[in-house]
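Note on naming: letters A, B, ... go to the chains in the order of the sequence lines (proteins, then strands), and numbering restarts at 1 for each one. These figures come from a predicted structure and were not determined experimentally.
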Amino acid sequence: MGIVRVRFAPSPTGALHIGGVRTALFNWLFARHHKGTFILRIEDTDRSRSTEESIRIILEGMKWLGLDWDEGPYRQTDRMEIYREHVDRLLKEGKAYYCYCTPEELEARRKQALAAGRPPKYDRKCLGLKDPLAGRKPAVRFLSSDEGQTVVRDLIRGAVSFDNKQLDDLIILRSDGVPTYNFAVVVDDVTMKISHVIRGDDHLNNTPRQIQLYRALGYEPPEFAHLPMILGPDKTKLSKRHGATAVTEYEDMGYLPEALVNYLARLGWSAGDQEIFSRDELIEKFNLENVGKAAAVFNPEKLLWLNHHYIQQAETERLADLLLSLFKKDGTVRPGGEPDREWLKKLVGILKERSHTLLEMKQSALPFILDEIKIDEKAGAKHLTLDAAGLLQELAGRLKTIDPFVHAEIEKVFNTIVQERGVKLGKIAQPVRVALIGGTVSPGIYEVIEVMGKDKTLNRIEAALRLIGARS
RNA sequence: GGUCCCAUCGUCUAGCGGCCUAGGACGCUGGCCUCUCACGCCGGAAACACGGGUUCGAUCCCCGUUGGGACCA
């Protein structure tokens, strides 16, 4: 393969969307695999809908996912002269013409055509016009060919042909001087020397007109690869109404970027039976040949499973940082009141196995961080009973004397009580659990006690005993 | 409506004419482990949309039907 230059070209009209990320990822992987160049281009010609904020979100999302770009971000609004020059060239060569028709006129004629059973194609009313129409600013239309076919040679779909007579003379420059999407994209891709246009399936129908534009401009079209869409559970194009679709939402929900990358990579692409890919493996194995043709339904459960996997893989150090920043964000931990780092790592250590997201981990960490806990009513009623009180009392007494307050020693205490009293471990473990964390779900009780520490443990057992006393 | 695309378990997919009584993964589910919940381990149910061809032989090739999607308006 020659020099690979690919691009991701989002419109900054909102969040960075899952579908967009997948397109970006495939472009990025393709570039990295072929040691090519990955270019970021902001398609902001729609000034009314484009915002700076949105550009910022896109750039941050790309960084979060580790999709670094080699050139750009370019902006279409900085390139207006380039489009203008290309329009002028087509005009001069008779390959484009001014059109003075207003949107209202066009709409009316289209309806007429439809009513008369004719295809609603532009009727070329302005094609032969010699003199400008006074008082009207013209748009510029591309004079497309009526005959033959335009064949898109797509790397994923093979040859797809379109009858040229289906394509009408599309507007390339609006009357306000702004180029249309199909024109700007061609000029950009050509001037940026893009070798492979890898984009969503929804653009396949645009491709024949773009190919005609390349030719009219005297350029060789690039290679094309149209990626299958990502669908929601109802099998329509994934959109906001399907729930979380913005990258930032996944970040906020406690997903790791590598989980999202791995998940998205396998959506529409595969390498045999492999499910888990490191970033380097992805780069090494990615190819367009193994990209499928059928649209794929986005499956949050599988993403959750991958996230769990990557949380297990992640360095404790990193998870501790992430957890701490979550606590700072919601005010649980105030500046200056940070917990001891080694202790936090120990906490993460006992929590990570059962956490599918960072948010879940945060939730389980709460009883360890907070000074006060609230005891779940049902759990309290069930486990903090008069029977349990005696056991808790004894446990507290024995825990007090333990010197290295560690798992092994704590376990010994439990074993002693279990043996002497002849009760099942559960009879004592559950009440303690409820006393310490307020509910019935937690890591192993010995580790919980160790991480909780002697003071907190004894205090909470006492509080539980008072609660039992007050109740009876 | 016109044009184009697509079609293997609920979902993501492997399969590129015989290796398929169709493999893996998520999810679901039975069991084991167990101080709770998980994790983990072992097992299970679950698909080639339909109809024609081509071929000694079709999940795989061709045509049609059906279904879904996208784009244009």
Side-chain angles (χ1 to χ4, degrees), chain A residues 19 106-107 109-111 113-115 117-122 149-150 152 154 156-168 170 181-182 200-209 226-238 262-276 289-309 311-312 350-356 360-361 364 379 382-383 410-411 414-415 417-418 423-434 436-437 439-449:
Chain A
L106 290 170
E107 180 60 27
R109 294 216 297 276
R110 200 158 41 73
K111 277 198 181 130
L114 238 30
R118 296 193 307 269
K121 214 175 128 171
Y122 180 62
Q149 294 194 316
T150 300
V152 179
D154 191 274
I156 293 170
R157 302 189 184 253
V160 182
S161 31
F162 296 80
D163 278 338
N164 287 340
K165 62 172 181 294
Q166 293 294 337
L167 312 171
D168 61 355
L170 81 155
Y181 167 77
N182 279 306
D201 219 352
D202 43 348
H203 291 292
L204 184 57
N205 284 309
N206 284 327
T207 309
R209 4 170 130 258
H226 286 92
L227 268 19
M229 300 270 84
I230 299 179
L231 272 27
D234 63 351
K235 310 229 175 177
T236 62
K237 200 173 170 180
L238 191 68
N262 193 152
Y263 177 70
L264 257 17
R266 279 286 286 99
L267 212 52
W269 173 81
S270 61
D273 281 345
Q274 194 172 346
E275 296 286 350
I276 307 280
E289 291 77 61
N290 289 330
V291 173
K293 298 177 184 178
V297 173
F298 185 81
N299 181 208
E301 260 102 36
K302 191 160 181 178
L303 172 57
L304 196 63
W305 169 74
L306 275 165
N307 202 49
H308 176 256
H309 170 83
I311 286 179
Q312 307 321 304
I350 69 170
L351 257 26
K352 72 192 260 193
E353 187 173 271
R354 59 223 320 116
S355 303
H356 288 76
E360 219 177 281
M361 185 183 285
S364 328
K382 183 168 181 199
H383 296 287
I410 296 163
E411 185 169 356
F414 273 78
N415 286 338
I417 298 176
V418 163
V423 293
K424 287 223 178 186
L425 182 54
K427 280 284 175 212
I428 176 157
Q430 280 304 75
V432 187
R433 194 185 315 276
V434 173
L436 295 185
I437 66 148
T440 54
V441 175
S442 85
I445 194 66
Y446 313 131
E447 356 181 38
V448 167
I449 292 175

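Nucleic acid contact class of Gly292(A) (heavy atoms, under 4.0 Å, all strands): none. Pro443(A) comes within 4.0 angstrom of a base, heavy atoms only. At a threshold of 4.0 angstrom between heavy atoms, the contacts of His203(A) with the nucleic acid are absent. Using a 4.0 Å heavy-atom criterion, one finds that Phe162(A) contacts the sugar-phosphate atoms exclusively. Using a 4.0 Å heavy-atom distance criterion, Ile445(A) is classed as a base contact. Across all strands, Ser270(A) comes closer than 4.0 Å only to sugar-phosphate atoms, never to a base (heavy-atom distances). Within the 4.0 angstrom heavy-atom criterion, no nucleotide atom of any strand lies near Ser355(A).
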Classify every nucleotide of nucleotides 17-33 of chain B by which part a protein heavy atom approaches to under 4.0 Å, writing B for the base, S for the sugar-phosphate alone and - for neither, in 5'-to-3' order.
------BBBBS------
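One atom, CE of Met229(A), and another, P of rA7(B), lie 15 Å apart when rounded to the nearest Å.
Residues Asn307(A) and Tyr263(A) fail the side-chain proximity criterion, which asks for heavy atoms closer than 4.5 Å.
Residues Tyr446(A) and Leu204(A) each lie close to RNA chain B; by heavy-atom proximity, the contact nearer the 5' end of the strand is made by Leu204(A).
In the region residues 424-433 of chain A, proximity to RNA chain B at under 4.0 angstrom, judged on heavy atoms, holds for Leu425(A), Gly426(A), Ala429(A), Gln430(A), Arg433(A).
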